[in-house]
Asks: 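Structure below; questions to follow.
Keep in mind it's a predicted model, so treat the numbers as computed, not measured. All chains are named by letter (A, B, ...) in the order of the sequence lines, taking the proteins before the strands, and each is independently numbered beginning at 1.
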Amino acid sequence: MHYGKLLALTALCVGLCACAHTSTDVAASAPVNWTAERGKKVLLVDPDVELSELTFGDVAEPRADWTQAGKGFVKADVASMLQAKGIATTSADNITDPHEVQLVKLHAAVGQSIQQNSVLQLPTKKNNFDWTLGPGVAALRDHYQADYALFVYVRDSYSSGSRMALAVLTMSPTGAMQTGFASLVDLRTGRVVWFNRLISSTGNLREEKQAAASVKNLLDGLPL
Amino acid sequence: MIARPLLALSCAVWLLAASAARAAEHNVLPPGYSPDMSSDEAGLWMLMDKEEAQTKTSPNVVKDEKLNAYVSGVICKLAGEYCPSIRVYIIDTPDWNASAAPNGMVLVHTGLLLQVNNEAQLAFVLGHEITHYVHRHSVEKMRKTVNTAGFMKVFDLAMAGVGAGVGADPRGAMSLGNMIGIYSITAFSRDEERDADDGGFKRATALGYSPNEASAIWETMVAENKADPGFSRSAFFSSHPGEEERAATNAKLAAEIAPTRADWITNEDAFHAATAPFIRRWIDEELASGQPDRSITIFRRLAANMPSQGIYQYGLGEAYRKRNKANDAAAAENAYRGALACPDAPPEAWRGLGLLAMKADRSAEAKEAFTQYRAKLPDATDKAMIDFYLTEL
């Protein structure tokens, strides 16, 4: 369903317009009764954020200072958005337990697969949104006494001065791109119950206000 | 994604190799240094810190305190004033390899510990890696890559007219993170490798490690490559200067420095004492790598160096038996018998003999060997299979 739409929008964002696009998926089988889940606690997993500078020669060079600032904004914005909704949260920063580290890596792998499947669908998977991290997530539930975990993954790049100058000179888009996803995982079953993708050719996670706008897009439609 | 960085990287090496050694000399890491947060170097460290966080919890990291203390001790002496900035992880994998990341994370593969002859050889390899770290070759490599990509862009624009290639799809942009992941070991230029060899030699000989051991490493490689032209030890060697060149360079350096003192050390005993508890495991992992040609080359040397250690002859026997080419059965039998003549003979050498005899229809011999195996290792995990063979023979 999203296949053509997302591809077209991706192409459009890359090629022409300055736009932000999000698309949401909700678990297909046994949908969650969100009204009943309202009092539940959500674990905010340390967001995986990486900001890079897109050099003149199209190399994405990671920037530690931008990443530090951007990650700080994303973290604070996610926490305050959930707080504003009246959702009880707890956070997991600097995870060091080997099993929990594996779960974070597993989520990254599953999240990438969901992303990929939205563009190039596996023939047998189709649109059936039944992704899961498996029952191993019980470790997170027990450790943090939480019912759901919210994972956030964002990559953003910004053109270097020389690259920007060339783009202005030739009146072409800079090609820098913000991509990310957020997912809500039921810690009782491991199921990814809600997933949202973000792709945007604008936005700036290095700035507090713009970062808040990006996070708002990323959590758009969070059913809690 | 792979083809493009590879092309760019090989270009980087060819275009800029000449300046590498000189650049390295001027770019020595100050001890206790951490890069400015807004620098490209800090971005590189950030990626490596992430890698390290994952390495820390990897099930492949060897946790044994004694072995870690020993290997870290050797590295600490070599690193000198950089010791407090270095963290060592021993990775359980049968490759002849070690690496030093720009943030001070040093990885030592167990295959290296299995295959070097003594502490001196280990020191020359680790000194080489520490020099990559101290001379900041990684950040040099990154800057060269970025610059080269820039040159290529200018070239593209010149070829296609202004406007083409600008605003390129960022999915086509090269992510340094990916490139570093793939090329961290192989991407240094040959000049940087020579610089690292030179630095490692100086660090190790300053500690009294016998300079002849440096050339011995490479002479071993040359001999083993000649014995087996298809032999590929690991990715470590694919970008490194030829072993023959390194052996010659090191031999020349050794000849110069050797007469300056009489008390050069190899610390062979300390090395074997530290690694002995793990040798059997590492041998099994080498055998499990599924490269019997490589395993035969390695075990032939180790068995010849340490003829009283039956464990290496056992490994040689297993490798021959698994390869199973013409005359390998005889070679395997010979190796198993050599192993069984040693006090540390592993009971599995009997099993090997039994399997060979069974295959050659020498039933009585097979029965005798399997019976010995069962008696010497009553709780063997494959005892049910062996007992079945015994009833069939």
Asks: Once rounded to the nearest 0.5 Å, what's the spacing between atom CD of A:E61 and atom CD of B:E41?
Replies: 11.0 Å

Asks: Please report the closest heavy-atom contact between A:T96 and B:T57, naming both atoms and the distance.
Replies: O-CG2, 3.3 Å

Asks: Please check if atom CD in A:Q112 has more than 12 non-hydrogen atoms from other residues, nucleotides or ligands closer than 6.0 Å.
Replies: yes

Asks: On a heavy-atom basis, which atom in B:K50 and which in A:D48 lie closest, and how many Å separate them?
Replies: NZ-OD1, 2.9 Å

Asks: Does B:E285 CD have over 12 foreign heavy atoms under 6.0 Å away?
Replies: yes

Asks: Heavy-atom count around B:K63 NZ within 6.0 Å, excluding the residue itself: above 12?
Replies: yes

Asks: Which atoms of B:M46 are under 4.5 Å from chain A, going by heavy atoms: the side chain, the backbone, both sets, or neither?
Replies: side chain

Asks: Quick check: closest heavy atoms across A:P62 and B:L47, and the distance to 0.1 Å?
Replies: CG-CD1, 3.6 Å

Asks: Is the number of heavy atoms from other residues, nucleotides or ligands within 6.0 Å of CZ (A:R188) greater than 12?
Replies: yes

Asks: Is A:K125 atom NZ crowded by more than 12 heavy atoms from other residues, nucleotides or ligands, each under 6.0 Å away?
Replies: yes

Asks: Report which part of A:E53 has an atom under 4.5 Å of a heavy atom belonging to chain B: side chain, backbone, both, or neither.
Replies: neither

